[in-house]
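Chain letters run A, B, ... following the sequence lines, proteins first and then strands; every chain starts at 1.
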Amino acid sequence: MEFIELKNIEKNFYVNKQERQILKGINLSIKENEFLTLLGPSGSGKTTTLRIIGGFETASKGQVFFNGLDIGKTPPHKRAINTVFQNYALFPHMNVYDNVAYGLKIKKFSKSAIKDRVEKTLSLVNLSGFDKRSVKSLSGGQQQRIAIARALINEPKVLLLDEPLGALDLKLRKEMQIELKNMQKNLGITFIYVTHDQEEALTMSDQIAVMNDGEILQKGTSENIYNEPKNAFIASFIGTSNIITGTMERDRKVTFLKTDFECVDPMPGSVVQIVVRPEDIEIEQTPRDRNSLKGEVIEVIFFGVNYEMKVKTGDFIWKIHSTKSYERGQFVYLFMATEALHVMEMERSL
Amino acid sequence: MKLTKWLSLSYLILMISFLYAPIVILIIFSFNDQEFGTIWNGFTLRWYQAVFNDRQVADAVRNTLSIGIIAATTASIMGTLAAIGINNMRKGTKKVVLSLSSLPVATPDIVIGVSLMILYVAFFRLVGAGSFGFGTLLVSHIAFSIPYVILAVLPRFKNMNPFIYEAALDLGAVPFKAFFTAIVPQLMPGIVTGFLLAFTMSIDDFMVSFFTTGSGVSNLSLLIFSMTRRGVNPMVNALSTIMFLSVLILLFIINLRDSQKLKSRGE
């Protein structure tokens, strides 16, 4: 039995009197204590999926199971799930203490128990002593922490987070990513996290579900999604990559740019797309007897950690990350190891 | 240079005296120690004494205040609910309903008064019972007050985070509780302004009351009107002065609240 399970969830909305399908049959299972990220561009349906789990939307079709029970018709206030909303949604007419204490007051905890728990939770998010402050006087990062504290104080089994770090600056975002991940591990709560930031998803998640256009395209671990993207959309959405069209006549042999390459994949179809990550291409002065291509360096950019170079072979321009730099106009050989080539079925609409 | 200054100053004085002279004269003569005529005959408070000892006046005051308070309270509740509904409508419908519900503000009072009167007559005939009186007066005051509450409450939604209600539900509050702990406190400044506006309008109203009240039920403005028909009595002056001052104080409170709101938003 799965902890949370979505079965064939469909959701239709009326936009300008026209029915639009926002979710097209979502199937997703989430284990207890897992950090799952719904990753996708805006409009992909990830927030709607989250809102269905939280109970703020009902699915047009399909079922939501929580510990084996169908909770599709359970209202949000009866679910052991709490949410950290986009833009925090703190109560502006209450101070920090009353915001954090809200859930316990509703549940009629005693005053002293509430005081204890609020203090503990505030220290958990590093905001001890902020009790009497008005939430309007807090910075974005502090408001974020209060929103998390307000949800966590209820000791939910599941915490839903909708782009919680979207409004923070880069440095603070990185810090909060680590803090959130640690909190999730230490408290043993299932996190379902919505973001469009692929880097955020890769650093924090146990499992990532990549969404686009109301569908889950691929679900797997960070490494899995990064190294074995199922199609060109995922490959281009997660990290930078070279995507090239080629042909495959038999297993473990792929042809592109008029050159044969050895690879590790069996044949998914005769016309295929090949993904090569920029860091998996080696630039060399001399050709090898296999998996090697000649090209001309047309651009070199210094990035601090490494160089990004663009190398032209025929009509195709390769993006390559390397610590060594080469001169513009220089002719070089590109070596791609058999494991560096990832062959995918041709995507229909791209 | 001096001439233009002098001209502009005298124009200002002329304009202000044109606006306020009648009221100032009314206030002055409310202290005049003479039954008839407009000649000053020394200071007295006896007209005010008479006002406070008059049973008719006491009844009218009671009617005015109770109608004002009940009407403003009812209008505040109905108007707030209406504002929430309007806020949640889709854009097109929202515009139409908002215009429809704020139109009575711009409609002449006499039109509202006469149409309400016709409505009641038709209603009484349909039901076969009922008569004009306190009830009709109260319903009328509620009716013309609601738009003011809607117009005062609606702007409060603009700065509100749309997920606040859901956040309260998420934390375990039942919808009713979520509404009262998360939404209402944020609307409160608008609701109070709406209440005060409605109360002022109710005290202030003559036209609608004139057409919708029945025998024996008078509010202050109706009483003053009927007193003047029997000849101007200095008591009328005293009563009018009291009414003018109370409305003035109410408006002052409303304006003070508005300017405080602007200040707190400027922070």
Original post:
Does the side chain to side chain contact (heavy atoms under 4.5 Å, CB included) test come out yes or no for A:Asn154 and B:Leu171, once each step is laid out?
Top reply: CA-CA 8 Å; A:Asn154 303 287; B:Leu171 294 166; 3.2 Å; yes

**OP:** Begin with the C-alpha distance, continue with both residues' side-chain angles, and end with the deciding distance and a verdict on side chain to side chain contact (heavy atoms under 4.5 Å, CB included) for B:Asn161 and A:Phe85.
**Re:** CA-CA 10 Å; B:Asn161 184 321; A:Phe85 288 86; over 6 Å; no

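Within 6.0 Å of atom CE in B:Met78, 12 or fewer heavy atoms from other residues, nucleotides or ligands are found, so the atom counts as exposed in its surroundings. Other residues, nucleotides and ligands contribute at most 12 non-hydrogen atoms within 6.0 Å of the CZ atom of B:Phe123. Atom OH of B:Tyr20 sits in a sparse spot, with 12 or fewer heavy atoms from other residues, nucleotides or ligands closer than 6.0 Å. Surrounding CD of A:Gln18 are at most 12 heavy atoms belonging to other residues, nucleotides or ligands under 6.0 Å away. The environment of NZ in A:Lys181 is crowded: more than 12 heavy-atom neighbours from other residues, nucleotides or ligands sit within 6.0 Å. Enclosure of atom NZ in A:Lys31 is not indicated, since only 12 or fewer non-hydrogen atoms of other residues, nucleotides or ligands lie within 6.0 angstrom. In A:Lys115, the NZ atom is not crowded: 12 or fewer heavy atoms of neighbouring residues, nucleotides or ligands sit closer than 6.0 Å.
Here the closest non-hydrogen pair linking A:Phe91 and B:Ala182 is CE2-CB, 3.8 Å. Taking each heavy atom of A:Phe56 and B:Glu166 in turn, the nearest pair found is CE2-O, 3.5 Å. In terms of heavy atoms, A:Ala89 sits closest to B:Ala167 at O-CB, 3.8 Å. Annotation for A:Ile106 and B:Ala173: closest pair CD1-CB, 3.6 Å, computed over non-hydrogen atoms. Closest heavy-atom contact between A:Pro92 and B:Ile164: CD-CD1, 3.4 Å. Shortest non-hydrogen contact noted between B:Lys177 and A:Tyr102 is O-OH, 4.3 Å.
Heavy atoms of A:Leu104 lying under 4.5 Å from chain B are absent altogether. Of the two parts of A:Arg79, neither the backbone nor the side chain holds a non-hydrogen atom closer than 4.5 Å to a non-hydrogen atom of chain B. Only the backbone of A:Ile81 comes within contact range of chain B, with at least one heavy atom under 4.5 Å from a heavy atom of that chain.
Counting heavy-atom pairs closer than 4.5 Å to chain B, the top residue among A:Lys78, A:Met94, A:Arg150 is A:Arg150.
Rounding to the nearest 0.5 Å places CZ of B:Phe163 at 7.0 Å from CG of A:Asp162.
Looking only at distances, a side-chain donor or acceptor of A:His93 sits under 3.5 Å from a matching main-chain atom of B:Thr181.
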